[in-house]
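Heads up: the structure comes next, in structure tokens.
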Amino acid sequence: MRKEICVFSGLPVHPGHGKRYVPTIVQSTRPVLIFATGKCRKMYMKKRNPRVIAWTVTYRKVHKKVASLETMRNRAKKAKKVLRPFAGFDLENLRNKKARTGEIRQAGKEKALKELAARKEKREAERKKKAASEKQDNKGAKAAQKQAMKSAPKQPKNRN
């Protein structure tokens, strides 16, 4: 179900809640006015200005009390990681090790890429070898088939 919005306060009105008012004296642009509470309805009937009443949504928008999306999305800054020495490892050794890990990772990547390239080359060589042997087999089989066809006695055609 859909939430309605209060004509006076701008607050949401859930289904089955709130007050409805149908103006009968004056022709209204809206046939039914929806109010969140009786208080809202009474203020509307007294022709109070919602921009002056502090608890309405209109007042909060006019007076810039609504938190903007930017301020709502402010996130706590992440804590910076600090290298600290611990038992058996002083700060200098830690920094050296951290610097080396990048180099080690790079060397590992290069080694893996070389291995991959070697595997690809090997696979290609096997495919070529297999294709060549199949081609040779096909030639031999075709030749044998042709020879068998030539050497076979011809059958006379039946003319009935």
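The analysis underlying the following values was restricted to heavy atoms, covering all of them including side chains, and did not include hydrogens, waters or symmetry mates.
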How would you list, by chain and number, every residue that makes a ring pair (Phe, Tyr, Trp, His ring centres under 6.0 Å) with Phe8, sequence neighbours excluded?
-> none
Between Phe89 and Phe86, what is the ring plane arrangement, given parallel below 30°, perpendicular above 60°, and tilted in between?
-> parallel
Residue pair Tyr59 / Val52, side-chain heavy-atom distance below 4.5 Å = no
Minimum heavy-atom separation for [X] and [Y], please, with both atom names.
{"X": "Trp55", "Y": "Lys39", "answer": "CZ2-CE, 3.6 Å"}
{"X": "Leu94", "Y": "Arg84", "answer": "CD1-O, 3.3 Å"}
{"X": "Leu91", "Y": "Leu83", "answer": "CD1-O, 3.4 Å"}
{"X": "Pro12", "Y": "Lys3", "answer": "CB-CD, 4.0 Å"}
{"X": "Cys6", "Y": "Ala36", "answer": "SG-N, 3.2 Å"}

In the single-linkage hydrophobic clustering (I, L, V, M, F, W, Y; side-chain heavy atoms under 4.5 Å), do Leu33 and Met45 co-cluster?
-> yes
Find out if a path of hydrophobic residues (ILVMFWY) with successive side-chain heavy-atom gaps under 4.5 Å connects Ile53 to Tyr21.
-> yes
d(His63 NE2, Thr56 OG1) to nearest 0.5 Å is 9.5 Å
Enter the distance from Lys42:NZ to Lys19:NZ here, rounded to the nearest 0.5 Å.
-> 8.0 Å
Evaluate side chain to side chain contact (heavy atoms under 4.5 Å, CB included) for Leu11 paired with Val57, printing each intermediate quantity in order.
-> CA-CA 7 Å; Leu11 297 170; Val57 172; 3.9 Å; yes
Salt bridge (Lys or Arg N to Asp or Glu O under 4.0 Å): which pairs involve residues 102-126, sequence neighbours left out?
-> Glu115-Arg119, Glu124-Arg127
Would Arg20 and Glu4 satisfy side chain to side chain contact (heavy atoms under 4.5 Å, CB included), going step by step from the backbone distance to the final call?
-> CA-CA 11 Å; Arg20 272 134 180 88; Glu4 303 284 343; 4.2 Å; yes
Residues 85-100 vs side-chain hydrogen bond (donor to acceptor under 3.5 Å, both in side chains), sequence neighbours excluded, gives Asp90-Asn93
